[in-house]
**Q** 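One structure follows; several queries about it will come next.
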Amino acid sequence: MKRIVILTGAGISKESGLDTFRDAGGIWSKVRLEDVATPEGFRANPQLVHDFYNARRRQLQDPAIKPNPAHEALAHLERQNAGRVLIVTQNIDDLHERAGSTNLIHMHGEMLKIRCDMCGSVLTWQGDIELFTPCPACAREGGLRPHVVWFGELPLMMDRIYEELAQCELFVSIGTSGNVYPAAGFVAEVKRWGRAHTVELNLEPSEGSSHFQERIHGPASQIVPDFVARLLSSF
């Protein structure tokens with residue numbers, strides 16, 4: 001069985017009802033990323049940043065927000081190929097987990113976790129954060145922040161991601177814009193090793209679409225299950 005690395009972006013969660021960032025009408029058309037998604041913005045106005053992420057945390061836990069067939073198809077692929085499928089997601093939602101995926105890297109962090117800048121603890125968190133919410137681990141106030149990678153910060157677990165890219169035999173990019181690095185450079189990294197077939201599954205061609213050997217465009221909830229079914233039938 002092939003070693004498979006799957007990169008997912010906002011396009012896979014859009015059909016579950018979550019806002020994307022860069023589409024017309026997306027999150028960055030409504031709020032300045034400099035204000036709510038940078039360390040500088042957090043230092044300047046931490047309450048604004050907390051309010052922004054509190055609202056997104058509540059939205060993610062709305063009962064109407066559920067995994068869609070694309071998430072479910074990837075979880076099925078993992079179950080059929082235990083230990084051979086890794087999902088690297090740029091998304092901070094938990095829809096992959098809810099669908100049943102377990103071998104997963106959140107390179108940009110997780111919405112339902114918080115981090116304490118005072119003690120370094122990372123904790124599961126579902127409620128709101130306020131300026132003086134005490135850290136459950138160290139009890140100090142004023143140190144909590146979303147466990148989310150902001151612009152200007154390094155994505156998480158990059159060493160392991162690059163190790164997996166070097167060894168994979170199939171690389172699939174799903175629902176990504178192709179203009180956010182380092183994720184946008186993963187296909188070039190895979191091609192450098194020359195071992196893997198590369199596939200883009202996206203609503204429309206991404207900025208890096210020409211770098212993929214195979215390109216399939218359409219709604220993720222349709223094309224991902226079809227692709228997974230075809231892939232499993234070939235094993």
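What's counted below: heavy atoms across the whole structure, side chains too, no hydrogens, waters or symmetry copies.
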**Q** Is it the case that the side chains of Glu141 and Thr133 hold a donor-acceptor pair, with the cut-off being a distance below 3.5 Å and no angle test?
**A**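 Distance-only check fails for Thr133 and Glu141.
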
**Q** Please round to the nearest 0.5 Å and tell me the distance separating atom OG1 of Thr176 and atom CD of Glu207.
**A**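 CD of Glu207 is found 10.0 Å from OG1 of Thr176.
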
**Q** Using a strict threshold of under 4.0 Å (side-chain N to carboxylate O), is an ion pair present between Glu40 and Arg32?
**A**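 Here Arg32 does not pair with Glu40 in a salt bridge, since their nearest N and O are not under 4.0 Å apart.
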
**Q** Do the side chain of Gln47 and the main chain of Glu130 share a donor and acceptor less than 3.5 angstrom apart?
**A**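 No; zero donor-acceptor contacts below 3.5 Å.
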
**Q** side-chain hydrogen bond (donor to acceptor under 3.5 Å, both in side chains): which pairs involve residues 224-235, sequence neighbours left out?
**A**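 Matches after skipping sequence neighbours: Glu214-Arg230.
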
**Q** Give a yes or no answer on whether the side chain of Glu15 reaches the backbone of Gly11 with a donor-acceptor pair at less than 3.5 Å.
**A**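 Not a single qualifying donor-acceptor pair exists.
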
**Q** Can you tell me how the ring of Trp150 sits relative to the ring of Tyr53, calling it parallel under 30°, perpendicular over 60° and tilted otherwise?
**A**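 Tilted: the ring planes of Trp150 and Tyr53 meet at 30° to 60°.
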
**Q** To check you understand the geometry: which heavy-atom pair defines the closest contact between Leu7 and Ala183, and what is its length?
**A**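 For Leu7 versus Ala183, the nearest heavy atoms are CD2-O, 3.8 Å.
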
**Q** Starting at CE of Met118, measure out to SG of Cys135 and round the result to the nearest 0.5 Å.
**A**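 Nearest 0.5 Å value for the CE-SG distance: 9.0 Å.
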
**Q** Ignoring hydrogens and angles, tell me if any N or O in the side chain of Asn202 forms a donor-acceptor pair with the backbone of Gly175 under 3.5 Å.
**A**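 Looks like yes, one N/O pair under 3.5 Å.
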
**Q** Which ILVMFWY residues are connected to Trp125, directly or by a chain of links, through side-chain heavy atoms under 4.5 Å apart?
**A**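 Trp125 shares its hydrophobic cluster with Ile114, Leu123, Ile129, Leu144.
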
**Q** Is the closest side-chain heavy-atom distance between Cys168 and Val190 below 4.5 Å?
**A**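 Cys168 vs Val190: side chains touch.
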
**Q** Tell me whether His106 contacts the main-chain N or O of Asn91 through its side chain, where contact means a donor paired with an acceptor under 3.5 Å.
**A**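 The answer is yes, because a donor-acceptor pair under 3.5 Å joins these two groups.
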
**Q** Check whether Gln61 reaches the backbone of Gln126 with its side chain - one donor and one acceptor, N or O, closer than 3.5 Å.
**A**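 Answer holds: yes.
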
**Q** Any donor and acceptor pair, going by atom type alone, linking the side chain of Glu72 with main-chain N or O of Ala99 inside 3.5 Å?
**A**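 Answer holds: no.
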
**Q** Considering only heavy atoms from C-beta outward, does the side chain of His71 approach that of Ser101 to under 4.5 Å?
**A**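 His71 vs Ser101: side chains apart.
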
**Q** Would you call Asp93 and Met111 a side-chain contact if the rule is heavy atoms closer than 4.5 Å?
**A**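 No; the side chains remain at least 4.5 Å from each other.
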
**Q** Under 4.0 Å between a Lys/Arg side-chain N and an Asp/Glu carboxylate O for Arg3 and Glu164?
**A**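 Yes, Arg3 and Glu164 are salt-bridged.
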
**Q** Between Glu163 and Arg160, is the closest basic N to carboxylate O distance under 4.0 Å?
**A**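 Not counted as a salt bridge, because no side-chain N and carboxylate O are separated by less than 4.0 Å.
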
**Q** Could you measure the distance from the CG atom of Leu77 to the CG atom of Leu232? Nearest 0.5 Å is fine.
**A**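 If we round to the nearest 0.5 Å, Leu77:CG and Leu232:CG are 5.5 Å apart.
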
**Q** How long is the gap from CD on Glu200 to CD1 on Ile223, to the nearest 0.5 Å?
**A**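 Spacing of CD (Glu200) from CD1 (Ile223) equals 8.5 Å.
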
**Q** Between Asp94 and Glu97 (side chain of the first, backbone of the second, donor and acceptor by atom type, cut-off under 3.5 Å), is there such a pair?
**A**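 It does not hold such a pair.
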
**Q** Closer than 3.5 angstrom, by distance alone: can the side chain of Ser16 be matched with the main-chain N or O of Lys66 as a donor-acceptor pair?
**A**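 Yes, the answer is positive, given that a donor and an acceptor are paired below the 3.5 Å cut-off.
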
**Q** Counting C-beta onward and ignoring hydrogens, is there a side-chain heavy-atom pair between Arg140 and Cys116 closer than 4.5 Å?
**A**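 Arg140 does not reach Cys116 side chain to side chain.
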
**Q** Please check if any side-chain donor atom of Thr8 sits under 3.5 Å from a side-chain acceptor atom of Gln90, or the reverse.
**A**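 No, Gln90 and Thr8 have no side-chain donor paired with an acceptor closer than 3.5 Å.
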
**Q** Which of these, Val88, Val85, Val172, sits in a side chain to side chain contact (heavy atoms under 4.5 Å, CB included) with Val5?
**A**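 By the side chain to side chain contact (heavy atoms under 4.5 Å, CB included) criterion, Val5 pairs with just one of Val88, Val85, Val172: Val88.
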
**Q** More than 12 heavy atoms of other residues, nucleotides or ligands under 6.0 Å from CG of Leu154: yes or no?
**A**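 Check fails, neighbour count at 12 or below.
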
